[in-house]
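Computed from a prediction, not measured in an experiment: that's the story for all the values here. For reference, positions follow the sequence shown, starting with 1.
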Amino acid sequence: MASISKQPNGRRTIQFVAPNGKRKSIRLGKTSQRDAEAIKTKIEALVASAASGFAWDNETARWVAGIEDVLAGKLARAGLIPKRQAAVLSDFLDSYFTKRADVKDATRTNWGHTRRNLFDFFGRDKPLRDITPGDADDWRLYLMTQVSSENTVNKRCGNAKQFFKHAVRHKLIAENPFADLKSTVRGNPKRFYYITLDEAYKVLDQCPDAQWRLLFALSRFGGLRCPSEHLLLRWTDIDWARGRITITSPKTEHHPDGESRVIPIFPELLPYLEECFELA
């Protein structure tokens, strides 16, 4: 338990026993008894958390994130909270990108567009704690002037939400200002177009060489994702005898049994495969 002592000049001090058994004091200066009691309650919660090894509850985490730097420094010197980092946007995002060595290059490129939009709007030196939910709403409106696709806006809002969730979990900020932004990406039926066989053969007639013809044929007749699945295809993936092709699928490899699939060598696809095989 913590206690509050008051000096004749109105200054108050909170005393408590730290988890290591040492008695420590937090000098509050001139403050009301009511405010001192509120701080005392939070200090008791911090001491209990430190002693048990459990994470702070959400209310305590929000309180710690919102207190002034002077009080935060006193709590840090008492060993109750980590030393406050003056995290700014550029340092935080650079650190996050470095940590996430597990993501693919395409994901990193996609994240890079979001990072650029955040820097353009907030500035590289914007403190994380100064970005509010209202600022996040304004950033979304800004995005809508930069890109024409709502799905792209939603995707970048989802990226920002992911970045700042990491900041919350590392106690750099109390809450995620981007948490409520719309971030669902849906297919746009208006952009769907079925390429008929007649149109496909007209495109093939205009392809400059055998390699381009095969790239297009694999997409139209084989259903490969372009370019990721084309670029991973090897001649050893083709089983001529059984009429099958093993397709490596980087987009779905994180799903169970999604690292590859097998497709037939469709009759429409066969002549373009054979043409490139003979050239190879």
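Surrounding OH of Tyr142 are more than 12 heavy atoms belonging to other residues, nucleotides or ligands, all under 6.0 Å away. For Lys99, the NZ atom is densely surrounded, since the number of other residues' heavy atoms within 6.0 Å is greater than 12. Few gaps surround CG on Asp35; more than 12 heavy atoms of other groups in view lie less than 6.0 Å from it. Counted within 6.0 Å of CD on Glu59, heavy atoms from surrounding residues, nucleotides or ligands total 12 or fewer; the atom is thus considered open. The number of heavy-atom neighbours closer than 6.0 Å to CG of Asp205, taken from other residues, nucleotides and ligands shown, is above 12. Open room surrounds CZ on Arg27; 12 or fewer heavy atoms of other groups in view lie less than 6.0 Å from it. More than 12 heavy atoms of other residues, nucleotides or ligands sit less than 6.0 Å from atom CZ of Arg23.
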- [ ] Apply side chain to side chain contact (heavy atoms under 4.5 Å, CB included) to the pair Ile265 and Ile238, showing each step before the final yes or no.
- [x] CA-CA 9 Å; Ile265 300 179; Ile238 300 176; 3.9 Å; yes
Practice problem: Determine, stepwise, if the pair Ser90 / Phe119 fulfils side chain to side chain contact (heavy atoms under 4.5 Å, CB included). | Solution: CA-CA 8 Å; Ser90 60; Phe119 287 166; 3.9 Å; yes
Exercise. Please walk me through it: do Leu89 and Phe121 pass side chain to side chain contact (heavy atoms under 4.5 Å, CB included)?
Worked result: CA-CA 11 Å; Leu89 189 59; Phe121 186 80; over 6 Å; no
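Using a 30° and 60° split on the angle between ring planes, Phe163 and Trp111 fall in the perpendicular class, above 60°. The aromatic rings of Phe221 and Tyr201 lie tilted to each other, with the angle between the two planes from 30° to 60°.
For Asn110 and Arg115, the side-chain atoms include no donor-acceptor pair closer than 3.5 Å. With no hydrogens or angles considered, no side-chain donor-acceptor pair links Arg186 and Asn151 at under 3.5 Å. A donor and an acceptor atom, one from each side chain of Thr60 and Asp57, are located under 3.5 Å apart. There is no side-chain donor-acceptor pair under 3.5 Å between His166 and Arg169.
Looking only at distances, a side-chain donor or acceptor of Lys161 sits under 3.5 Å from a matching main-chain atom of Leu181. With hydrogens and angles ignored, the 3.5 Å screen pairs no side-chain donor or acceptor of Arg140 with any backbone N or O of Asp135. Panel note: side chain Lys24, backbone Ala78; a donor-acceptor pair is recorded below 3.5 Å. Looking at Arg220, its side chain does come within 3.5 Å of a backbone N or O of Ile195 through a donor-acceptor pair. Looking only at distances, a side-chain donor or acceptor of Ser149 sits under 3.5 Å from a matching main-chain atom of Thr152.
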Report, one line per pair, each donor and acceptor closer than 3.5 Å where one atom sits in a side chain of residues 211-219; sequence neighbours left out.
unit_1, atom_1, unit_2, atom_2, d
Arg213, NE, Glu275, OE1, 3.4
Arg213, NH2, Glu275, OE2, 2.8
Ser219, OG, Leu215, O, 3.2
Ser219, OG, His230, NE2, 2.9

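Note that NZ of Lys74 is 11.0 Å distant from CD1 of Ile67, once rounded to the nearest 0.5 Å. Once rounded to the nearest 0.5 Å, the distance linking CZ of Arg12 with OG1 of Thr31 reads 7.0 Å. How far CD1 of Ile173 is from CZ of Phe164: 6.0 Å, rounded to the nearest 0.5 Å. Separation of atoms NZ (Lys30) and NZ (Lys6) is listed at 10.5 Å; rounding is to 0.5 Å. Taken from CG in Leu128 to CG in Leu172, the straight-line distance is 6.5 Å, to the nearest 0.5 Å. With values rounded to the nearest 0.5 angstrom, Leu93 atom CG is found 11.0 Å from Asn159 atom CG.
Listed here is the closest heavy atom pair of Pro82 and Trp56: CD-CH2, 3.8 Å.
Partners of Glu253 according to the side-chain hydrogen bond (donor to acceptor under 3.5 Å, both in side chains) rule, which considers only residues two or more places apart in sequence or in another chain, are Lys104. For Ser5, there are no side-chain hydrogen bond (donor to acceptor under 3.5 Å, both in side chains) partners, not counting sequence neighbours. Listed by chain and residue number, Lys40 satisfy the salt bridge (charged side-chain N to carboxylate O under 4.0 Å, His left out) test with Glu44 (two or more places apart in sequence, or in another chain). Scored by the salt bridge (charged side-chain N to carboxylate O under 4.0 Å, His left out) test, Arg261 finds Glu229 as partners (sequence neighbours excluded). With sequence neighbours excluded, the residues satisfying salt bridge (charged side-chain N to carboxylate O under 4.0 Å, His left out) with Glu150 are Lys182.
Clustering ILVMFWY residues whenever any of their side-chain heavy atoms sit less than 4.5 angstrom apart, transitively, puts Phe192 in a cluster other than the one holding Val185.
Look at Arg124 and Asp91 and you find no salt bridge, because none of the NZ, NE, NH1 or NH2 atoms lies under 4.0 Å from a carboxylate O.
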